[in-house]
Each structure stands twice: as C-alpha cells, then as structure tokens.
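So you know, we letter chains A, B, ... as the sequences are listed, proteins then strands, and number each from 1.
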Amino acid sequence: MQELDKTYNAAQFEDAIYRAWEASGYFNPDKLASAKEPFTISMPPPNATGTLHTGHAMMLVLQDLMIRFNRMRGKKALWVPGTDHASIASQNKVEKQLAKEGITRHDMSREEFIARIEKYVEESRSTIRNQIRKMGSSCDWSRERYTLDEGLSHAVKTIFIRMHSDGLIYRGNRIVNWCPRCKSTLADDEVKYKEEQAPFYYLKYGPVIIGTVRPETKFLDKTIVVHPDDPRYKALIGQEFDVEWIEGPVRAHVIADAVADMTFGSGAMTITPGHSFEDFELAQKYHLPVEKVIDEDGNFTEAAGSFVGKNARENRAAIIDVLRKKGLVDRVDEHYTHNLSVCYRCGTPVDPLPSLQWFVDVDKKIKHRKDKSLKELSLEAVESGSITIIPNQFEKRYFQWMHNLHDWCISRQIAFGHRLPVYYCEKEGGGCGETIVAHEPPAHCPKCKNTFLRHDEDTLDTWFSSALWTFSTLGWPDNAEEKHGNIIKKGDLAAFHPTSVMETGYDILPLWVARMIMMSEYALREEPFKTVYLHGLVLDINRKKMSKSNEETLIDPLDVIPKYGADALRISMLVGVTPGNDLLLGEEKIASYRNFINKLWNISRFILQFGMDTSGVDTPGRSDTQKKKRDTHTLADAWILSRLARTIESVTRALETFHFAQAAEELRAFTWDEIADWYLEISKVEKGKHDILFSLLEKILALWHPFTPFVTEVVYQHIRENVHPKTKHEKGEHPATLMIHPWPVADKKTINEKAEKEFALIRTLIQTIRNARAEHGIPPAQKIQALIWSKRLQPLIADNEQIIKHLARLDFLTILTTEEKPHNAVFLKISDDIEAYLPLGMRKTEEERVKIKKEIDTLQGLLTPLNNRLADQEFHKGAPRHIVEKETKKRDEYIASLETLEEQLKKLI
RNA sequence: GGGCGGUUAGCUCAGUUGGUUAGAGCGUCACAUUGACAUUGUGAAGGUCAGAGGUUCGACUCCUCUACCGCCCACCA
C-alpha cells in the first residue's frame, strides 16, 4: 500500500483529479440515473474579455458548493456554464489592441473588425474555460453556451420579434445617453457620475439671468421657464420678445411651470430639449421642437451657426468669450461642483442627445399576461414570494429600482453583438419607408415589393441577450410552444426551468437579475429562478476593489491556486463571508486555510495508518464477527458519535438555508477542535477505535467535499484503491468518485446528551489541569500527580482515568473517596461535584491565595445581581418558569462554589 | 434630495423568535520538537456590544434620537 505524503501538495493532484471528474461524466445530470428532483444553476456568464478575477472565483466557489451538495443529496444537479460576448467591453479591448498597432476600426470593414473581435473573444473563452476548471467547478461542459452562439442568437431574434409584435419593443426618437468615444448609446445604468468642479456661468438672457455649466448647448434655447408663483416674473409669463444671443438675436417666449426652482439661481431658466433629459420631457409636455446642437462626434451642428463642425466641449470658453464681448456674462462662479455624467466603460463625459433608437416598453400592458406590464410582472414575482432574494434587504432595493424604471434603450451603435432583426425599405432607395422586423433578411418589401432593403446597423445591448440566459441556454424557443394559452415546455427546458438559484454579485441586481425576471415572465410566464443569492465584492485588505493597479494587494486566483491549492482559496472565500457583504481577501487568509487543508490531510493519514498495519488489528476490511468483539463504546466514542450526528444535522440545515459560512465554520470546528484535538488524541490511549475512526473519516470527507473537493477526493481515491476490498466497488457501495457519494445522514439514535455532558466534564477537568500546569511553569514533558475528588461522579473519573492521565500528563491519579481533602495542594474547582488537587509543593502559596481570592471576587460579582434579581417579585411575576428555575439553580451553584473556595482558602493559611 | 445598510476583541466578522460569565478566525504573548500534522500542540491576554434615552422582571438583540462610516437611486438649470 502506498503511503500518503507528510504534507498535502495540492498542485500535485488537482489537475488530474479534475480530468478524472470530467471523464466520469457526472457533471452531466443525465448520467445521474437515480436522481429525480432537479437542482439547476445558470452560471452567470463571464465576459469573454481576458481572464477570470477574484469576483469570478467567488461565484464559482459558491455555485459549485451548492451544486456538489445537491448532487450528493441525490438531486439532478445541473450547472450550465458559458460566456458573454460583452459587446462594448470586447470591442473596447480590441480597439485598444488596434491603437497599439497604430490603426483604428475605421481602417477596416465592419466584417474585418468583427472577425478581429471574434478571434480575440475565442481566445478569451478558451482561457476562461481552463480557469473555471482550475477552481474545481463541476459544471456540465456538454451544455456550455455562449451568448452569440447560434441557438442563443435565434432566441434573441425570436423574442425581439415577438415583443415587437406585442408592442413591447418600439422605435422612437428620444434623448439618449451618448458616449462620443464609444460612439454608442448607453443605458441609464451604464452612466456613472463623477464629481467635477466647473465654472458656473450666469448669463443675461433678455429680461432674466440664467445659469449653466454647459453654455455650448444653449444656442437654440428659446423658451424661458419660470415658476407660476414667482412674483419676480409673473408679468413675463406668456410674452414673446427678441433676445440678443450667441449667434445674434433669437425669438424667445416665457412659460410657467412648477419645475422651475424659485430658490435656485435667479429662479428662471431656459430649456435645451435636445441635450437634457428633463428639458426633453418639458418640451414634450409643451410641444416644443427638439433640435440637435451637438452631433454624435461631440461637434457642433449647423444649428450652432459659425461654430459648426467644432468640438462643443472644447469651445466652451470661446462661446463665453463671444457672450462676454456682447456684455451678456453677468458673473461666473468658479467653484461650482456638480456631478458629471461619464461612460461606465471609458470614463468619457456623456452627451445627452436626441436619437432614433429602439426601446423596450416596460409599462405597456401585455394581453397574454392579464394586462400587466413587464414592470408589474417583475414586481409581482418578488412581492408574491415566487422569487426570494438573499439577503432580503436587497428586495427593497429591487422594488425601488423597478418602480423608477424607464423604458429600456436596447439599441447600441456597436459593431460586435446581436444585430437587430430589423430591415428598412428606405425612401432613398425608392422604397416606401416600411420597417420590417423578421428573422431572415426579406427578399423584398412586403408592402411595395422593393428589393433594396437596409439591415439596421445597430446591435442589441449586451444585457438583452444575457437577460434570456436561464432559458435560452436550455433550448428556448424550440423547447417551448404555446397551446391553448399555456406554455408547454419540453426537453431540458421542462426538466430544469425555472432554475433553482441565481447566484451573482449584488452590483448587477438591476442590470441583469431584474431583466432576467422581466424576460422570463414574458417568454415563459414563469420566474427564471426561485432564489437569488447575492454575494459581495471582493476587496483587498485595504478595502479597495481589487484591480491590476494595486499590484501588491491583488490576489489573482491563477497565482494563488498553484501556491496554496484551489481548496484553500475556496474556503477562504466562504468562511466569514455573508451574503451581500463585501469580502476582504488577503494572502494570509488563504494561507491559513491551506493549513487547514493540510490538517484534514493529516487527520486522514493518521486514521489510514491503521489500514496499513499488517497485523490488521482492526482494519475496516475485517470480518463482521471480528468487528463485533469490540462493541462496548467508551464515553469518548459515544460523545464523538453524538457530535457527528449533530454536526451532520446542522451542516445540512445550514447549507439548505444558504448559511454557507456557518456550515464551513461548524465543520471546521468539529474536524479540528473535536476530532483532531480530542478524539484522535484519545484514540492513542483507548485502543481499538479503528472502525469508528474510519467511519468518521468517511463521513467528514463527504461533508467537506462540496467545500474542498480536491483534497477530499484524493483521500477518497486512496481509500478506494487501498482499503476497500474490490468486491464492494462492484456492489456499488463505494462510487467511483466522492462527487456522487451519498451525503451523510445523521443517525439520530447516536445523539446522546448525557455522554456530551459527561465528556464536557472530562474535557474541562483536563483543560483546567493543563491550565494550572502552565500557570505553575511545569514543562509539558514533566508528569505530575493529581488527586480528584467527587461525590457522585467517581465512576466517570475512573472509567476515563487513562484519558485524563494521558492528556493532562499525569503519572498518578488518585480518586478521593472521602471528605478528607488534601492540604498544601493547588486546588482546582472543576464543577459543583468535581475538584482536583495538584500537590505541587508550597512554593506558590501566596499566588494560590491571590488566585482563589480573584475567583471568589468574580463569583461574588456574578452572585450579587443574580440575588437581586431573584429577590425581585417582578422577576418572578414576569419571567417564564424555566428561566426562574435556571437562575435559581445557577445561584445555588455559585454559592456552593464559593463555599468550596473559601474552605480552600482557609487551608492555605 | 430620496432610500438602504453598518458601528461587537488589535484586524476581519458571527451572534437565529429578548433569557448561562457575548463567540470564531487571523494576529499578539508564554511554554513545548510527545511518531498524523511546526502548514503543529498546550495555555493565556484582549470587549462599559458607537453614544444617549425609552420599552421590559431582563436588551448586543425591540423602539426613538445623535454621531460617524459605507452603498444604492435621482440629479438642478
């Protein structure tokens, strides 16, 4: 039999173990023959841009934990992996590459550019696949998807066409957030705000003074808005007059609306419908024309007269110069701070401008959904409890976000992505102006038969395709058809949708999670998942978001795994982490869990050494009759089996209820503090525990497997190879991989409260003696004597004498049978019925006295308030009986202890 | 401006419906090389649970206010 190395070397095993898992086929639930109930997770597809970071590692760990746990519990566990084409992000990366080569995308055709991006994305995808494997992720690679693959593209077109025909997708002229660098629209939540200090100009506009940071947008302002109740301007309302302005006089008129804030600036403002969201809404309300002053490149249009073609932002000062020369600048506040809108990708200031774009209408009533809108359906899914969000404070955030939701602008002026399935029969080409929405390019216009049709150049917002992720990956739309007003699912879609859990970062709750809910409610009339579990961000030890710019605190999973092992990284992302809270990750933490992995390894090694014993005293492979010879369990056996049952119960419950950190912590405590520190030590003196040890090992390997799949599998395979007789494999008792080993079930019969209490006494006794030894400076190698007194528990002490002697390092242990207690000994109060005496000589008498006095003081300090409480009639009236009894009992114990201590103090004099 | 959350040991965090002397990991200190493990063992020190008030027989836990910190949303011409 091969021996295990002294320390666990993760790098030596991990890749081979993963290959074996993959080869076993059990990542695919179709192979889990006996499993019935599904458990599904759609992996949030990482952007196909480069490499995985700690945030990805976090999601992989949590999801794999759930998947492995549920697979071992006999569920049909499916984890669908995939990647997202991430249109803007991918295009930006490639544009940066091009810039290095000194070219831009305009130096090549659209097709060439896309081919270039596809090449980049394909490389990234293969890198990412490998990295997902490195983490030990047990996802079903046979079902891997990509947002741009054929099936998903088909799903995207299908839902676009259906939503369009239901009137949920429309084309409209709206103000959009425009990034002049990305040359694309941005969704509301793709716009970020940055505080900026900029001059605030007060300009004379006819009879009023208006304020602005952006004078370059003001060329066409011709409407003054004042508050209807503002006494300063009442007389002006409704009037029209000529105003001297940037490019000569303009015809202005005055309207009254409550949006004007009387307390801000002069209380009067002009509006710029083409370049401000609020002004656009006002313009709609009063039917004012919307004109464009700044174009898609950030340059002035012809509306800016002599400034045409110049960059708007750069010419702000020039415009102010013009106004100043005309004496129209009243004053300038140089220290004005405001929030500048910038593109979330590139940081370029965003220009709001009017544009013809495609939108999803979130308020339109849907006939086949009982006249409810996407917004209403999405709110209902969470309100009704069909979807639970963990932690639940995020439900409030979800509601808030949903209530404020505006129509979703889904068209992007990006080359890379899902092209809109929209064709125009353009008048310029001799057509009729018809807009055709169809799967395939139509041969001719259905209306005028014109054959010259233009395919819309735009692509869809990348979140549009990922919003379909849970069901498009399972074969929608082919796997669903509508019959008599109901959706009939088949295949994977029927077997695995709605998915069980959506596990993702809280930062994309609105961007992604909310949109998946909308789309699934629309397409399948059901929720996409039952539970949303949100993890936090991974921060470095200085609470900064991990990024390549902070080299020294950056944790790269791919550096950490070869060094500490994937298992160590996995637990350090689980322990001490609660949903919705950010995780602070430093290398130290990972190292400490590497130590734990090694501990688990050595526990296994210790237990398995008996299996290698050629005399075969108690190897698990021995016959049943031989095993029966040792059937009298000691207190320690009863205790550890009781603790095992309880641990199985509570770890299982914790995992079921998403308390992952708690589950890991309890398991760690049981493994290290109870098995390793106590039971293994005891097994060195109480012989013949091999069966129990071995069965304990098998149980904890299984329990640990979802957390630390690699090390547990290595040990399991070792056992399978070397310990189990081959016949058992054939009977299927020991599956080929721990991955499909049944999850341990607690044997309730072994729960033994009495044993736990009694063992706790033995443990306290040993610890108290150890403590006293340390206080008296007795080196561990030196054995000492102890006298133990007890009135009722003498048999308990006697039964466990060997353990006590060994663990407390005693050479003599005397059990006192009389009331006669020794003088001149260190006194230790263990419990109300156990006392220990260590004859360590009289050197420390004074110290002993001080120590006992301190104990007396502590007890007195506890006793006084307790006595007061028990004397209070209100307490007896108000508190439940068991509390009163408990407190009374506690007081009696304190008093008894005090008496003993005082008696002991007298003896020292 | 609107909303959400946090403040518990040196650090990072648990603390389940109010009920033993408030816990863990890491770190710190002392001792130890005993054949599973120094990636270790044993032991110790360390907290007026942010502050004030209230409810209660009893508050880390429930309520109010204050202070500080963080986040989300909206965004002012």
Without decimals, in angstroms, what is the distance between A:Arg605 CZ and B:U40 C1'?
12 Å
Rounded to whole Å, the CG-C1' distance (A:Leu509 to B:C4) equals 12 Å
In whole angstroms, the gap separating P of B:A77 from CG of A:Leu282 amounts to 15 Å
Reckon A:Lys684 has a side-chain N or O less than 4.0 Å from the OP1 or OP2 of B:A36?
yes
Under 4.0 Å, heavy atoms only, any strand: does A:Arg773 hit a base, just the sugar-phosphate, or nothing?
nothing
Nearest-Å distance for atom pair CZ/C1', residues A:Phe394 and B:G5:
8 Å
Write down the distance separating the P atoms in B:U61 and B:U7, rounded off to the nearest Å.
11 Å
Which one is paired to B:U33, where only Watson-Crick or G-U wobble pairs with both distances under 3.5 angstrom count?
none
Side-chain touch A:Val513/A:Trp401, heavy atoms, less than 4.5 angstrom
no
Consider the side chain of A:Lys890, meaning its heavy atoms from C-beta on, and name the nucleotide among B:A77, B:U21, B:C57 that approaches it most closely.
B:U21
For A:Asp677, report the nucleic acid contact type (base, sugar-phosphate, nothing); a contact means any heavy atom under 4.0 Å.
sugar-phosphate
When you measure from the side-chain N and O atoms of A:Asn771 to the phosphate of B:A44, is any distance below 4.0 Å, counting only OP1 and OP2?
yes
Please compare A:Arg869 and A:Trp678 by the position of their nearest nucleotide in RNA chain B and report the one closer to 5'.
A:Arg869
Measure from CG on A:Asp673 to P on B:C37 and round the result to the nearest Å.
19 Å
What contact category does A:Gln400 fall into here, base, sugar-phosphate, or nothing, at under 4.0 angstrom with non-hydrogen atoms?
base
Check: A:Pro352 main-chain N/O paired with A:His275 side-chain donor or acceptor under 3.5 Å:
yes
Classify the ring geometry of A:Phe658 against A:Phe660: parallel below 30°, tilted from 30° to 60°, perpendicular beyond 60°.
perpendicular
Tell me whether the side-chain N or O atoms of A:Glu681 pair up with the base of B:A36 as donor and acceptor below 3.5 Å, since no angle test is needed here.
yes
Any strand, both distances under 3.5 Å, Watson-Crick or G-U wobble: B:U56 pairs with none
Is A:Gly267 touching bases, backbone alone, or none of the nucleic acid, heavy atoms closer than 4.0 Å?
base
Specify the separation, in whole Å, of atom CD1 of A:Ile766 and atom P of B:G43.
10 Å
Ignoring backbone atoms, establish whether A:Lys589 has a side-chain N or O less than 4.0 Å from OP1 or OP2 of B:C11.
no
At under 4.0 Å, does any side-chain N or O of A:Arg668 touch on OP1 or OP2 of B:G25?
yes
So A:Gln662, base contact, sugar-phosphate only, or nothing? Heavy-atom distance under 4.0 Å.
nothing
Across the strands shown, which category fits A:Thr578 at heavy-atom distances under 4.0 angstrom: base, sugar-phosphate, nothing?
sugar-phosphate
Nearest-Å distance, CH2 (A:Trp672) to C1' (B:A38)?
11 Å
Would you say A:Asn598 reaches B:A38's phosphate, i.e. side-chain N/O to OP1/OP2 under 4.0 Å?
no
Gap separating the OH atom of A:Tyr564 from the OG atom of A:Ser572, nearest 0.5 angstrom:
10.0 Å
Give one of base, sugar-phosphate or nothing for A:Leu584, where a contact means two heavy atoms less than 4.0 Å apart.
sugar-phosphate
Is the phosphate of B:G35 approached by A:Lys6 (side-chain N or O, under 4.0 Å from OP1 or OP2)?
no
Using a 4.0 Å heavy-atom cut-off, does A:Leu680 contact any base of the nucleic acid, only the sugar-phosphate backbone, or nothing at all?
base
Scanning all shown strands, the Watson-Crick or wobble mate of B:G27 with both distances under 3.5 Å is none
Quick check: on RNA chain B, is the nucleotide nearest A:Glu887 upstream (toward 5') of the one nearest A:Asn595, or the reverse? Name the residue that is more 5'.
A:Glu887
With respect to the phosphate group of B:C13, does any side-chain polar atom (N or O) of A:Arg543 fall under 4.0 Å of OP1 or OP2?
yes
A:Glu874/A:Arg869 ion pair, N-O < 4.0 Å
no
What's A:Gln767 touching, base or sugar-phosphate or nothing? Going by heavy atoms closer than 4.0 Å.
sugar-phosphate
In terms of side-chain heavy atoms of A:Arg770, which of B:C4, B:C57, B:U42 is nearest?
B:U42
A:Ser897 OG to A:Ile830 CD1 distance, which is reported to the nearest 0.5 Å:
11.0 Å
Phosphate OP1/OP2 of B:U21: any A:Thr858 side-chain N/O under 4.0 Å
no
Please work out whether the ring planes of A:Phe13 and A:Trp601 are parallel, tilted or perpendicular, with thresholds of 30° and 60°.
tilted
Assign A:Ser341 to base, sugar-phosphate, or nothing according to its heavy-atom contacts below 4.0 angstrom with the strands shown.
nothing
How is A:Ala591 classified with respect to the nucleic acid when contacts are heavy atoms under 4.0 Å: base, sugar-phosphate, or nothing?
nothing
Any-strand Watson-Crick or G-U partner of B:C4, both distances under 3.5 Å
B:G70
Tell me the partner of B:A38, counting only Watson-Crick (N1-N3 plus N6-O4 or O6-N4) or G-U wobble (N1-O2 and O6-N3) with both under 3.5 Å; none if nothing fits.
none
Please determine, by modelled atom types, if A:Asp330 and A:Tyr201 share a side-chain donor-acceptor pair under 3.5 angstrom.
no
Let's test your reading of the model: under 3.5 Å, does the base of B:C4 pair with the side chain of A:Lys396 as donor and acceptor?
no
Between B:U21 (C1') and A:Lys886 (NZ): distance, integer Å
13 Å
Go ahead and name the base partner of B:C65; Watson-Crick or wobble counts if both distances stay under 3.5 Å, otherwise write none.
B:G51
Among the candidates B:A77, B:U20, B:G25, find the nucleotide nearest to the side-chain atoms of A:Tyr894.
B:U20
When all nucleic acid strands are considered with a 4.0 Å heavy-atom cut-off, which category describes A:Ala669: base, sugar-phosphate, or nothing?
nothing
For the pair A:Tyr205 (side chain) and A:Asp221 (backbone), establish whether a donor and an acceptor sit closer than 3.5 Å, ignoring hydrogens and angles.
yes
